[in-house]
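Order of listing sets the numbers, starting from 1, for every ligand and every atom in it.
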Amino acid sequence: MNLNHYPIIAIGASIASISFIRTLRDQADNRKILLIHGEDRLPYKRTKINKNMVRGFDKDEFKMADEKWYSDNHVDLIYDRALKLDAEEKTVSTKNGHVYYYDKLLLATGASAVIPKVTGVEPSEIHGVQNAYDVDRVLQTCSGKQRFLIIGGGVEGIETADQLMRKGKQVILASRMKLPLQKLFPEALLKTLVEKIQSKGVLLFNGVSVSNVHKTDDHYNVNLKGQELRFDAIIACTGAIPNTDLARKAGLKVEKGILVNEYLQTSDKDIMAAGDVAQHARGMVTGLWHAAEHQGKLAAMNLLDKPQEHTLPPFRLKTEVFGLFMFSAAYEELIPGVEEAIEEQHGDIHRIMYYNDNQLKSVVFLNDKDRAKTYQQALFEHWDKKKVIDELPLPPKISFTFMA
Ligand SMILES: Cc1cc2nc3c(=O)[nH]c(=O)nc-3n(C[C@H](O)[C@H](O)[C@H](O)COP(=O)(O)OP(=O)(O)OC[C@H]3O[C@@H](n4cnc5c(N)ncnc54)[C@H](O)[C@@H]3O)c2cc1C
């Protein structure tokens, strides 16, 4: 037997792969798996890293499983990088000089941070926050620094700004959009976010593109809307790009991501792709934790010849920033084309429910955190207006617990 042969290899050890492995084992498939992990610590919950910048975190604090879980589940977890995929020979070559043979392969290489071109600064001086190593680097190199320029008004940019402010830093937040989080929330709710951001002292610049900065001996300057601003470090939260190199060079079909069909198969019958690296129908790359988890599971079921078709779940996002809980579901997919929008406010709760044919199609709200799961259920089940009034009243019903 060739010791470098594995019935199954997965490249990239994050939620798509872990969910793939869990499903195979749940289905009593015990074939040996090689998991090629390109990072420097046990596979971890990526969603935690930028939300815990204030306090920092231990190397394996957010691990999804301990080492024993991998050995117990017949998984050889190796810390290495896949450099070449040969789809004809069915081999994967790695940075440490190994060549592995597979029968079936899962590509779950995720995405990398986009580092924008900014004249006056080397790309290596611009920090991304895509992985735990990036966050460690931001914390180390920036510990003595006070003023930060964050480029990007999406979720990552807002969360990073919130963390740095809580750490007592000064933040300039520069966003191309008219308003931050504009793709996920309507203006009515974003007004509250903007007020909160500004009241904390963040210098928020909307509708600007940072194309050049001026570097001096010990700091940088940037001109935004005619204001000359000084800062010490720059962080880019300008999105992520799927890691498709291996697939592209191996001759698989690739556009924005690796093209997969509804069964998560690539253009090669023995290779599947799942998570942030995969491109689905209508050019969709999902970019969300729970979507990657779901795809890992489906990839496993399809590998076991128990095919399950992939349907994209509604996009759902929750975040807690600047003292607000924010929830958005299926907003971008629905707007425009919505027939009825019902906006309600009570105390600090502010919500808008969107209906077509009396069926709930999208929800956005601020601060109703305890009922987030119910809102999600209402959306998945497309509740009608009456059921929403009954089950999700505003103001919320107060429930008392009587002690015997
Ligand atoms: C800072 C941050 C915060 C986020 N917060 C949220 C959130 O709150 N909610 C949410 O739904 N989503 C969030 N996301 C998105 C979510 O984390 C991703 O959708 C999810 O992690 C995708 O999982 P994945 O398994 O496809 O790949 P990834 O998690 O991207 O992991 C891919 C892995 O493959 C490795 N890899 C790549 N190439 C190779 C190679 N050649 N050899 C070996 N290994 C390789 C990478 O190093 C990485 O470890 C966040 C993302 C980031 C970066």
Any chance the rings of Tyr220 and Phe231 have centres within less than 6.0 Å?
yes
In terms of ring plane angle, is the pair Tyr354 and Tyr331 parallel, tilted or perpendicular, where the classes change at 30° and 60°?
tilted
N/O of Ala82 under 3.5 Å from N/O of ligand 1, yes or no?
yes
Go through the steps to decide whether Lys386 and Asp390 satisfy the test salt bridge (charged side-chain N to carboxylate O under 4.0 Å, His left out), and finish with yes or no.
CA-CA 6 Å; Lys386 178 164 180 329; Asp390 289 346; 2.7 Å; yes
What protein heavy atom lies closest to atom 43 (C) of ligand 1? Include the residue and the distance to one decimal.
Gly38 N, 3.5 Å
Side chain, backbone, both or neither: the part of Ala291 lying under 4.0 Å from ligand 1 by heavy atom
neither
Please confirm whether Glu159 comes within less than 3.5 Å of ligand 1 when only nitrogen or oxygen atoms on both sides are compared.
no
Applying a heavy-atom cut-off of 4.0 Å, say which part of Gln130 lies close to ligand 1: side chain, backbone, both or neither.
both
Considering only heavy atoms from C-beta outward, does the side chain of Arg46 approach that of Glu39 to under 4.5 Å?
yes
Heteroatom distance test (Asp80, ligand 1): nitrogen or oxygen, under 3.5 angstrom:
no
Do Glu343 and His350 have side-chain atoms, one donor and one acceptor, less than 3.5 Å apart?
yes
Measure the shortest side-chain to side-chain distance between Ile235 and Val138 over non-hydrogen atoms and say whether it is less than 4.5 angstrom.
yes
To the nearest 0.5 Å, what is the distance between CD1 on Ile115 and CD1 on Ile241?
11.5 Å
Show which atoms of ligand 1 fall inside a sub-4.0 Å distance from at least one heavy-atom site of Ile36.
43 (C), 44 (N)
Please list the nearest protein heavy atom to atom 27 (O) of ligand 1 with its residue and the distance rounded to 0.1 Å.
Gly110 CA, 3.4 Å
Could you tell me whether Trp289 and ligand 1 have an N or O pair separated by under 3.5 Å?
yes
Please give me the minimum heavy-atom distance between Arg230 and Ile172, naming the atom from each residue.
O-CD1, 4.0 Å
for atom 23 (O) of ligand 1, nearest protein heavy atom and its distance come out as Ile15 CG2, 3.4 Å
Nearest neighbour of atom 19 (O) of ligand 1 from the list Val285, Val155, Asp276, on a heavy-atom basis
Asp276
Suppose I only count heavy atoms of Gly275 and a 4.0 Å limit; which atoms of ligand 1 are within that range?
26 (O)
For ligand 1, which atoms, with element, lie under 4.0 Å from some heavy atom of Ala111?
30 (O)
Nearest to atom 34 (O) of ligand 1, what protein heavy atom do you find, and at what distance?
Gly12 CA, 3.2 Å
How far is atom 45 (C) of ligand 1 from the closest protein heavy atom, and which atom is that?
Arg81 NH2, 3.7 Å
For ligand 1, which is the ligand I care about here, please tell me if Ile11 has any N or O atom under 3.5 Å from one of the ligand's N or O atoms.
no
Protein contact of atom 25 (O) of ligand 1 - nearest heavy atom, named by residue and atom, plus distance:
Ala16 N, 3.0 Å
Between Ala108 and ligand 1, which residue portion shows a heavy-atom distance shorter than 4.0 Å: side chain, backbone, both, or neither?
backbone
Can you figure out which of Thr47, Thr319, Thr109 has its heavy atom closest to atom 13 (C) of ligand 1?
Thr47
Within-4.5 Å side-chain heavy-atom neighbours: Asn223 and Asn221
no
Write out the residue and atom name of the closest protein heavy atom to atom 15 (C) of ligand 1, then the distance separating them to 0.1 Å.
Gly287 O, 3.7 Å
Using a 4.0 Å heavy-atom threshold (strictly under), name the region of Leu288 that reaches ligand 1: side chain, backbone, both or neither.
both
Contact atoms of ligand 1, heavy-atom distance to Leu246 under 4.0 Å:
41 (N)
Ignoring hydrogens, just give me the one of Lys51, Arg41, His37, Arg46 whose non-hydrogen atom is nearest atom 5 (N) of ligand 1.
Lys51
Are His127 and Ile234 packed together at the side-chain level, in the sense that at least one heavy-atom pair is separated by less than 4.5 angstrom?
no
Do ligand 1 and Ser14 have nitrogen or oxygen atoms that lie under 3.5 Å from each other?
yes
Should Lys385 and Glu340 be marked as a salt bridge (charged side-chain N to carboxylate O under 4.0 Å, His left out) after you check the CA-CA gap, both sets of side-chain angles, and the distance that decides it?
CA-CA 11 Å; Lys385 273 177 272 173; Glu340 191 176 7; 2.8 Å; yes
When only distance counts, is Val129 in polar contact with ligand 1, meaning an N/O pair under 3.5 Å?
no
Minimum-distance protein heavy atom relative to atom 3 (C) of ligand 1
Asn50 OD1, 3.6 Å
Is any side-chain heavy atom of Tyr355 less than 4.5 Å from a side-chain heavy atom of Asp384?
no
If you measure only the distance, is there a donor-acceptor pair under 3.5 Å linking the side chains of Asp103 and His5?
yes
Arg41 and its side-chain hydrogen bond (donor to acceptor under 3.5 Å, both in side chains) partner, picked from Asp136, Asp60, Asp58
Asp136
Just which atoms of ligand 1 are under 4.0 Å from any heavy atom in Ala292?
22 (C), 23 (O), 26 (O)
Start with the C-alpha gap between Tyr375 and Met353, add the side-chain angles, then the distance that decides, and say whether side chain to side chain contact (heavy atoms under 4.5 Å, CB included) holds.
CA-CA 10 Å; Tyr375 280 96; Met353 321 277 269; 4.0 Å; yes
Cut-off 3.5 Å, side chains only: do Asn243 and Thr109 have a donor facing an acceptor?
no
